[in-house]
Amino acid sequence: MAQGAAITNGGDGAARDKRASFEHALVTLADASPSEILRWAADRYAPRLAFATGFGPEGLVIFDLIARHRLAVDVFTLDTGLLFPETYALWRRLEEKYGRGIRGVNPALDLEEQASRHGEKLWETAPDRCCGIRKVDPLAQALSGHEAWISAIRADQTKDRAQASVVETDPRYGIVKVNPLLAWSSDEVWSYLRDNDVPTNPLHQLGYPSIGCWPCTSPVSPGEDPRAGRWRGRAKTECGLHSRPSRPVSHSSVRPEGA
Ligand code: SF4
């Protein structure tokens with residue numbers, strides 16, 4: 001990706017202007033709206049720009065914006081084979097409503113193969129390995145060939161996510177990561193969904209604020225952390241897709257447009 005194509009020193013005036021413009025964009029994007037951030041990312045990286053959605057409320061905001069602005073983004077979901085039936089139904093409903101496909105990305109091993117090689121219910125015995133097989137490795141595969149990917153994380157979701165920047169490098173995949181909703185609150189997300197009539201997962205109304213694979217997701221009680229139902233009873237809080245070490249992007253790590 002572009003990451004490997006660092007800026008060369010001593011370019012001409014036009015290249016310098018582009019570098020300055022790029023750095024100016026990074027500064028101003030910190031206070032930009034999600035729409036502005038997405039448009040910037042699409043202008044710069046599409047069609048080698050991906051969005052991985054798990055159909056959570058934040059992801060639905062981004063999907064709606066991508067569809068609304070007709071951005072050339074490769075939208076996909078990691079189909080672990082363990083999603084709730086309600087999530088699969090929402091996937092189909094979104095495709096129908098927006099007339100736009102959402103690519104399903106499957107793990108290399110189906111559930112039977114995983115059980116036979118690693119044991120039954122790997123999510124109970126070794127959830128990190130299970131997430132590695134069913135989410136992290138497929139994401140790496142899906143992102144190959146892309147220059148940047150969009151995530152739907154918000155800063156106040158976890159301590160890890162609070163360290164993220166709107167635009168950062170993601171050394172795990174060797175590409176840029178763009179986080180348009182970083183500054184938004186949960187209330188802002190839900191207001192957007194209501195105001196724009198975006199379909200959502202009905203499980204949210206049944207006590208599931210954060211929804212992943214069914215074996216690792218439980219409802220939360222009033223007052224509990226919204227992500228308390230994910231891997232309940234375990235220290236695990238992330239599937240590994242958004243774990244650090246992403247780092248703020250700089251002109252020395254990313255090729256400016258046209259350079
Ligand atoms: Fe496996 Fe649970 Fe991770 Fe899904 S969330 S991939 S079931 S460990």
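Both ligands and their constituent atoms are indexed starting at 1 by order of listing. It should be emphasised that the depicted structure is a prediction, and the values quoted were computed from it without experimental measurement.
- Residue-level proximity to ligand 1 for Cys130 is carried by backbone and side chain together, each with a heavy atom below 4.0 angstrom.
- Using a 4.0 Å cut-off to heavy atoms of Cys216, the atoms of ligand 1 that qualify are 2 (Fe), 5 (S), 7 (S), 8 (S).
- The contact set between ligand 1 and Lys135, taken as ligand atoms under 4.0 Å from a residue heavy atom, comprises 5 (S).
- Pairs engaging residues 179-194 under the salt bridge (Lys or Arg N to Asp or Glu O under 4.0 Å) rule: none recorded [sequence neighbours left out].
- Backbone or side-chain N, O or S atoms of Cys131 do not reach atom 2 (Fe) of ligand 1 at under 2.8 Å.
- In this structure, Glu168 contributes its side chain and Ser165 its backbone to a donor-acceptor pair below 3.5 Å.
- The structure places CH2 of Trp184 at 15.5 Å from CD1 of Ile153, a figure rounded to the nearest 0.5 Å.
- Of the residues listed (Leu122, Leu111, Leu78), the one engaging Arg134 in a side-chain contact (heavy atoms from CB on, under 4.5 Å) is Leu111, and it is the only one.
- Taking every heavy atom of Leu82 and a limit of under 4.0 angstrom, the matching atoms of ligand 1 come to 7 (S).
- Counting backbone and side-chain atoms alike, Cys213 contributes an N/O/S atom closer than 2.8 Å to atom 4 (Fe) of ligand 1.
- Residue contact check: Arg134 has heavy atoms under 4.0 Å from atoms 6 (S) of ligand 1.
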Which donor-acceptor pairs under 3.5 Å do the side chains of residues 81-89 make with protein atoms, sequence neighbours left out?
from	atom 1	to	atom 2	distance (Å)
Thr87	OG1	Asn201	ND2	3.0
Tyr88	OH	Asp79	OD1	2.5

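- No more than 12 heavy atoms of other residues, nucleotides or ligands shown are found within 6.0 angstrom of CD on Glu120.
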